[in-house]
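Below is one structure, written out as structure tokens; comments come after it.
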Amino acid sequence: MGGTCLQLFGFLSSLVGWIGVVVAATTNDWVLTCDYSINTCRKLDEVGSRGLWADCVIAIGLYHCKPLADILTLPAHIQAARALMITSSFLGLPAVFLLLSAMPFIRMGHDPGAEKHKRFRLGGILIVILALCTIIATIWFPVSTHRETTIVTFGYSLYAGWIGAAFCLFGGSVIVCCAGEFNAFMENRFYYSSQGSGSPSHAKSANV
């Protein structure tokens with residue numbers, strides 16, 4: 001029972017974290033920039049919002065964005081952050097599929113516990129890589145942006161990336177570190193389920 005709870009906990013934590021990573025990768029409110037204090041900039045309608053895909057100007061009743069479409073002229077930190085976040089977002093797809101297919105309540109034919117264990121551990125490794133890519137991108141971007149202009153605060157996209165990376169790193173670590181426990185649990189589960197169709201005396205002798 002403890003192994004199943006850890007599996008479910010690791011999977012749910014990884015899934016929630018991946019959703020946060022996707023939100024961060026697809027939105028533009030990473031940092032708010034201004035040459036003065038935030039209150040002065042809001043009065044002067046000079047608050048800027050920078051993200052991976054656009055530079056925006058925030059004013060009362062106005063949210064105007066200029067897409068960053070020319071890849072060749074973009075700073076290196078934006079291109080690197082884009083690559084890392086895209087990698088993180090797409091890594092989540094096979095990772096979630098592997099984790100879901102290895103859950104105890106999912107049966108895919110006569111799937112042995114050892115194969116489920118391999119898929120579950122591989123999914124956990126992908127989640128950890130996903131989290132590390134997101135951490136690098138969400139730290140590198142604001143640090144490099146601050147060298148070019150003044151950052152007054154962080155946007156919700158950056159917070160979503162940090163929270164998502166934390167959930168993924170925690171969930172992936174639980175999965176990878178406890179994989180041995182899961183393997184033993186699933187082997188016993190599938191062994192007894194396969195022996196259930198046989199005679200009671202055969203199951204008893206097998207346990208001995």
Side-chain angles (χ1 to χ4, degrees), residues 6-35 37-39 41-42 47-58 63 65-68 71 74-100 120-179:
L6 285 175
Q7 277 185 286
L8 187 60
F9 181 75
F11 170 73
L12 291 178
S13 177
S14 301
L15 180 61
V16 171
W18 177 54
I19 293 173
V21 170
V22 172
V23 170
T26 55
T27 53
N28 284 309
D29 289 331
W30 278 50
V31 295
L32 298 181
T33 60
C34 180
D35 294 331
S37 67
I38 183 64
N39 292 328
C41 287
R42 283 176 175 169
V47 178
S49 175
R50 288 194 174 186
L52 300 180
W53 313 104
D55 282 342
C56 303
V57 176
I58 304 174
Y63 190 87
C65 293
K66 177 184 177 183
L68 302 176
I71 299 178
L74 289 177
H77 70 276
I78 295 181
Q79 297 187 35
R82 278 186 180 183
L84 289 169
M85 294 304 294
I86 291 174
T87 300
S88 299
S89 299
F90 280 102
L91 275 180
L93 290 173
V96 169
F97 173 76
L98 289 170
L99 295 177
L100 186 61
F120 202 74
R121 189 159 194 171
L122 178 58
I125 292 173
L126 291 178
I127 290 294
V128 172
I129 296 174
L130 180 160
L132 294 177
C133 289
T134 304
I135 290 172
I136 294 172
T138 53
I139 293 177
W140 190 357
F141 183 90
V143 170
S144 298
T145 302
H146 185 64
R147 294 173 181 173
E148 299 176 354
T149 184
T150 302
I151 297 178
V152 293
T153 185
F154 300 128
Y156 76 89
S157 302
L158 205 59
Y159 287 115
W162 284 338
I163 295 172
F167 270 91
C168 285
L169 187 61
F170 183 71
S173 299
V174 168
I175 292 169
V176 173
C177 294
C178 302

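What you see is a predicted model, and the numbers here were worked out from it, not measured in a lab. Because only heavy atoms are used, hydrogens play no part in the values below, and waters and symmetry mates are left out as well, while side chains stay in.
In this structure, C168 SG and I129 CD1 are separated by 12.0 Å, a value rounded to the nearest 0.5 Å. Residue T87 holds its OG1 atom at 12.5 Å from CG of L132, rounded to the nearest 0.5 Å. Distance check, rounded to the nearest 0.5 Å: CZ of R121 to SG of C177 gives 8.5 Å. Here CD1 of I127 is found 10.0 Å from OG of S88. Values are rounded to the nearest 0.5 Å. The distance from the CG atom of L98 to the CG atom of L93 is 11.0 Å, given to the nearest 0.5 Å.
Summarising the geometry of P67 relative to A54, their closest heavy-atom pair is CA-CB, 4.0 Å, with the distance given to 0.1 Å. Contact between I175 and G124 at its shortest, heavy atoms only, is CG2-CA, 3.7 Å. Smallest separation of non-hydrogen atoms from A95 and G123: CB-O, 3.8 Å. Scanning both residues, S49 and L32, for their nearest heavy atoms gives CB-CD2, 3.8 Å. Across all non-hydrogen atoms, the minimal contact from V21 to G164 is CG2-C, 4.1 Å. Of all heavy-atom pairs spanning R82 and I71, the tightest one is NH1-CG1, 4.2 Å.
Here the side chain of W162 pairs no donor or acceptor atom with the backbone of T134 at under 3.5 angstrom.
The side-chain heavy atoms of S14 and L99, taken from C-beta on, include a pair separated by under 4.5 Å. Taking the side chain as every heavy atom from C-beta outward, F141 and V31 approach each other to under 4.5 Å. The closest side-chain heavy-atom distance from F167 to L15 is not below 4.5 Å. Under the 4.5 Å side-chain criterion, counting only non-hydrogen atoms from C-beta, L91 is not in contact with W18.
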Could you please spell out the steps behind the ring-ring contact (aromatic ring centres under 6.0 Å, His included) verdict for F9 and F170?
CA-CA 10 Å; F9 181 75; F170 183 71; 5.7 Å; yes
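When each of V23, V22, L130 is paired with S89, the side-chain contact (heavy atoms from CB on, under 4.5 Å) condition holds for V22 and for no other. A side-chain contact (heavy atoms from CB on, under 4.5 Å) with S157 is found for one member of T27, N28, L52 and no other, namely T27. The only option from T138, T145, I78 that meets the side-chain contact (heavy atoms from CB on, under 4.5 Å) definition with W30 turns out to be T138.
Checked against side-chain contact (heavy atoms from CB on, under 4.5 Å), L84 has the following partners two or more places apart in sequence or in another chain: C133, I136, A137.
Counting non-hydrogen atoms of neighbouring residues, nucleotides and ligands closer than 6.0 angstrom, the CZ atom of F90 reaches no more than 12 such neighbours.
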